[in-house]
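All values below were derived from every heavy atom in this structure, side-chain atoms included, with hydrogens, water molecules and symmetry-related copies excluded. No experiment lies behind these values; they were computed from the predicted model shown.
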Amino acid sequence: MSPLALESAVPDPSALTTIATPGLWAGTIAAVIALLVFDFLITRKPHEVSFKEALGWSAFYIALPLAFGAWVWLAHGSDIGVKYYTGYIVEKSLSVDNLFVFILILGAFAVPRVLQQRVLLIGVAGAIVLRGIFIALGAGLIATFDWTFLLFGAILLATAVKVLRDARSTEDEHVDPAEMRIVKVMSKVFPVTGEYHGTRATVLMNGRRALTPLALVMAAIITTDLVFAVDSVPAVYGITADPYLVFATNAFALLGLRALYFVLEGALSKLVHLGYGLSVILAFIGVKLVLHWAHGVWPGVPTVPTLWSLVVIVGVLAVTTVTSLRASRRAEEEAAAADRHAFVDPAPGPGRPDAG
């Protein structure tokens, strides 16, 4: 049985199908939980993550979804396989964008490097739970209301505009913990210690339970996950309406986020055009969803095949990466040239003959 194809008419409840049996659902959820528990066990003793360690775990968490996609392709056909891989690429690219915000939050809270992977793991676990809830809600909406794809398309188009504005902004992005609503609320309810206490979220202070900064930063990360879920879940529903594939692509994209952070933290600043690329991808999927809804109302309206979606998404990401690296290299060369010029021809100063 194949999942609902977005190229078909607007779905009714009986058309909302999935490749997953109850056993496959149970096995997948159990595997996700087992991987999270394993990650918590290996990070129970805080330590600074080396590049080699992060690279090894990143390779594992990329190989795993690729292998699973091969099984989906062989067991359920190329059409389902293309939908899975396209959805995974979309979610992975959005998760890389999420890392920018995580870097800002970890820096704003001055999280020690030995604790960063624990904070990220809490964020990943929270994101999987939140997206699972959103995926279930999305499936319910799709099965009940024929305008759901129009709503999802509108959300993605609005998000694309916001991402584009952020990418065009010349102001440096920053996060002020004191201005975050969740931090304000928690700080009013509980006292907060001024320093970290290892992996502990609370400690006794003057006979009263107090929060550590770790509790605040974890709450900030999870709150951010909620915002990201609003964008990412409609995006992958724009590729496939099968809730199982939507969940699988989200879970696989998120599970490797902790390790990917330590691999890309130095390189993320070079992806200066990523925001432009993501805005194009989100707008493209938003238009695809609107066309899909319109096709159900007016059958003459064309739709976008999933294979074309894959080509467009991969192409946009490739162009964005190439132009970002070129722009970063050019900026570095200009900065180096400016430094050399300043060293060779220093500005006039007091006591120099040419100082005037």
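- A heavy-atom distance below 4.5 Å is found between the side chains of L36 and L255.
- Contact record, T18 with P243: CB-CD, 4.5 Å, taken as the closest heavy-atom pair.
- Tested against H76, the residues Y244, Y84, W71 include a single ring pair (Phe, Tyr, Trp, His ring centres under 6.0 Å) partner, W71.
- Two rings, from F38 and W57, have their centers less than 6.0 Å apart.
- Heavy atoms from other residues, nucleotides or ligands lying under 6.0 Å from CZ of F190 number 12 at most.
- Using a 4.5 Å heavy-atom cutoff, the side chains of T159 and V230 are not in contact.
- With hydrophobic clusters built from ILVMFWY side chains whose heavy atoms lie under 4.5 angstrom apart, L278 shares a cluster with V312.
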Show, in sequence, the C-alpha distance, side-chain angles and deciding distance for L157 and V287, and conclude whether the side chain to side chain contact (heavy atoms under 4.5 Å, CB included) test is met. CA-CA 8 Å; L157 289 172; V287 171; 4.1 Å; yes
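- Note that the CD1 atom of I313 and the OH atom of Y85 stand 15.5 Å from one another [nearest 0.5 Å].
- Cluster annotation: I222 and M186 are assigned to the same hydrophobic cluster (Ile/Leu/Val/Met/Phe/Trp/Tyr, side-chain heavy-atom contacts under 4.5 Å, transitive).
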List the steps and the verdict of side chain to side chain contact (heavy atoms under 4.5 Å, CB included) for F109 and V183. CA-CA 11 Å; F109 283 89; V183 173; 3.8 Å; yes
Determine, step by step, whether L64 and L35 satisfy the side chain to side chain contact (heavy atoms under 4.5 Å, CB included) criterion, reporting the C-alpha distance in whole Å, the side-chain angles of both residues, the deciding distance to 0.1 Å, and the verdict. CA-CA 11 Å; L64 188 62; L35 287 169; 3.8 Å; yes
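- Within the 4.5 Å cutoff, no side-chain heavy atoms of L94 are placed close to those of D231.
- Note that NZ of K83 and CG of L245 are 9.0 Å apart. Values are rounded to the nearest 0.5 Å.
- T199 is listed as a side-chain neighbour of L115, based on a closest heavy-atom distance under 4.5 Å.
- Side chain of S95 to main chain of K92: a donor-acceptor pair is present (N/O by atom type, distance under 3.5 Å, no hydrogens or angles).
- L106 has its side chain within reach of Y261: a pair of non-hydrogen atoms, C-beta onward, lies under 4.5 Å apart.
- Panel note: side chain Y237, backbone I135; a donor-acceptor pair is recorded below 3.5 Å.
- In this structure, R113 places its CZ atom where more than 12 heavy-atom neighbours from other residues, nucleotides or ligands lie under 6.0 Å away.
- To the nearest 0.5 Å, atoms CG (L289) and CG (L151) are separated by 10.0 Å.
- With hydrophobic clusters built from ILVMFWY side chains whose heavy atoms lie under 4.5 angstrom apart, L141 shares a cluster with I239.
- W73 is not listed as a side-chain neighbour of F68, based on a closest heavy-atom distance of 4.5 Å or more.
- One distance of note links CG of L214 with CZ of R118; it measures 8.5 Å at 0.5 Å rounding.
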Kindly indicate, with the supporting measurements, whether the criterion ring pair (Phe, Tyr, Trp, His ring centres under 6.0 Å) is fulfilled by F252 and Y88. CA-CA 8 Å; F252 279 131; Y88 173 71; 7.1 Å; no
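- At distances below 3.5 Å, not a single donor-acceptor pair connects side-chain atoms of S279 with backbone N or O atoms of V163.
- A donor-acceptor pair is defined here as one N or O able to donate and one able to accept, closer than 3.5 Å; no such pair exists between the side chain of H295 and the backbone of P302.
- The closest side-chain heavy-atom distance from L164 to Y276 is below 4.5 Å.
- Note on ring orientation: taking the six-membered ring where Trp is involved, the planes of W25 and F247 are tilted (angle from 30° to 60°).
- Remark: the T212 side chain and the H197 side chain contain no N/O donor-acceptor pair separated by less than 3.5 Å.
- Judged by distance alone, with hydrogens and angles left aside, the side-chain atoms of T202 form no donor-acceptor pair with the main-chain N or O of R209 at under 3.5 Å.
- Rounded to the nearest 0.5 angstrom, L216 CG and I182 CD1 are separated by 9.0 Å.
- For the pairing with V90, the side chain to side chain contact (heavy atoms under 4.5 Å, CB included) check across I285, T249, V236 returns one residue only, I285.
- Formation of a donor-acceptor pair under 3.5 Å by the T323 side chain with backbone atoms of T320 is found in this model.
- Between G153 and V290, the closest heavy-atom pair is CA-CG2, 4.2 Å.
- A donor-acceptor contact shorter than 3.5 Å is absent between the side chain of D166 and the backbone of G275.
- Aromatic ring orientation, F228 versus F102: perpendicular (interplanar angle above 60°, classes split at 30° and 60°).
- Rounding to the nearest 0.5 angstrom, the gap separating the CZ atom in F262 from the CG atom in L257 is 10.5 Å.
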Is there a side chain to side chain contact (heavy atoms under 4.5 Å, CB included) between L254 and Y61? Walk through the geometry before answering. CA-CA 9 Å; L254 290 168; Y61 277 117; over 6 Å; no
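- Contact check for F284 versus V304: side-chain heavy atoms found under the 4.5 Å cut-off.
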